[in-house]
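Okay, structure first, notes after.
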Amino acid sequence: MDNYNFDTLSEAVNTLTQQGYKEDFEAKDDCIKALYSKKEYQPNELIILASYRFEGMTNPSDQATVFAIRAKDGTHGTLVMSNSAEHNQNVDLIQKIPCQEK
C-alpha cells in the first residue's frame with residue numbers, strides 16, 4: 001500500500017475510495033459490518049493495510065483514525081473511528097483486526 005500523507009480526514013477517505021476502498025466498515029457489537037454490501041466479518045477475516053490518525057482543527061482531543069481494510073474475500077474499504085467518548089464503534093473488535101506486516 002502506498003504511504004500517503006493526508007491533511008484531513010475527508011482527503012484520506014476520498015483518496016482511499018478512489019484507490020478502490022469502496023466499502024464503509026463499521027464495528028458493531030459482534031462483527032465488523034460492510035455497510036453497502038451488508039456483509040458481516042469477524043476480525044480474523046480482515047486485515048488493516050494502513051491507518052491514518054487526525055486531530056481536530058479546533059480541538060486537539062477531537063481525534064479520529066481512518067483504517068484501510070481488506071477482507072479475505074477481496075472486499076476493500078475504510079473504517080473511521082472517532083477517538084472521542086461519543087463514538088459508537090466497538091473498539092475491542094477493531095483492536096482484534098490484524099495489521100499487515102511491513
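Numbering of residues begins at 1 and proceeds along the displayed sequence.
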Quiz item: Is the backbone of Q42 close enough, under 3.5 Å, to the side chain of K96 for a donor and an acceptor to pair up by distance?
Solution: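 It does not hold such a pair.
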
Between [atom1] of [X] and [atom2] of [Y], what distance do you get to the nearest 0.5 Å?
{"X": "H76", "Y": "L16", "atom1": "NE2", "atom2": "CG", "value": "11.0 Å"}
{"X": "I69", "Y": "I32", "atom1": "CD1", "atom2": "CD1", "value": "6.5 Å"}
{"X": "Q63", "Y": "M81", "atom1": "CD", "atom2": "CE", "value": "9.5 Å"}
{"X": "R53", "Y": "L9", "atom1": "CZ", "atom2": "CG", "value": "12.5 Å"}
{"X": "L46", "Y": "C31", "atom1": "CG", "atom2": "SG", "value": "10.0 Å"}
{"X": "L93", "Y": "D29", "atom1": "CG", "atom2": "CG", "value": "9.0 Å"}

Looking at every non-hydrogen atom in both residues, tell me the closest pair between [X] and [Y] and how far apart they are.
{"X": "P43", "Y": "P98", "answer": "O-CD, 3.4 Å"}
{"X": "I47", "Y": "C99", "answer": "CG1-C, 4.0 Å"}
{"X": "F54", "Y": "V66", "answer": "CE1-CG2, 4.0 Å"}

Quiz item: side chain to side chain contact (heavy atoms under 4.5 Å, CB included) with E11: which residues, sequence neighbours excluded?
Solution: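 For E11 the side chain to side chain contact (heavy atoms under 4.5 Å, CB included) partners, ignoring immediate neighbours, are F6, D7, T8, T15.
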
Self-check item: Chi angles and distances behind the side-chain contact (heavy atoms from CB on, under 4.5 Å) call for R70, Q100
Solution: CA-CA 10 Å; R70 180 183 69 227; Q100 175 175 289; 4.3 Å; yes

Quiz item: How would you list, by chain and number, every residue that makes a ring-ring contact (aromatic ring centres under 6.0 Å, His included) with Y36, sequence neighbours excluded?
Solution: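 By the ring-ring contact (aromatic ring centres under 6.0 Å, His included) rule, Y36 matches no residue at all.
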
Should [X] and [Y] count as side-chain neighbours, where that means a heavy-atom distance under 4.5 Å?
{"X": "K28", "Y": "E40", "value": "no"}
{"X": "K38", "Y": "K33", "value": "yes"}
{"X": "I97", "Y": "F67", "value": "no"}

Self-check item: Test applied, side-chain contact (heavy atoms from CB on, under 4.5 Å); reference residue, F25; option that passes from I94, L35, T75, T78
Solution: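 Result for side-chain contact (heavy atoms from CB on, under 4.5 Å) with F25: T75.
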
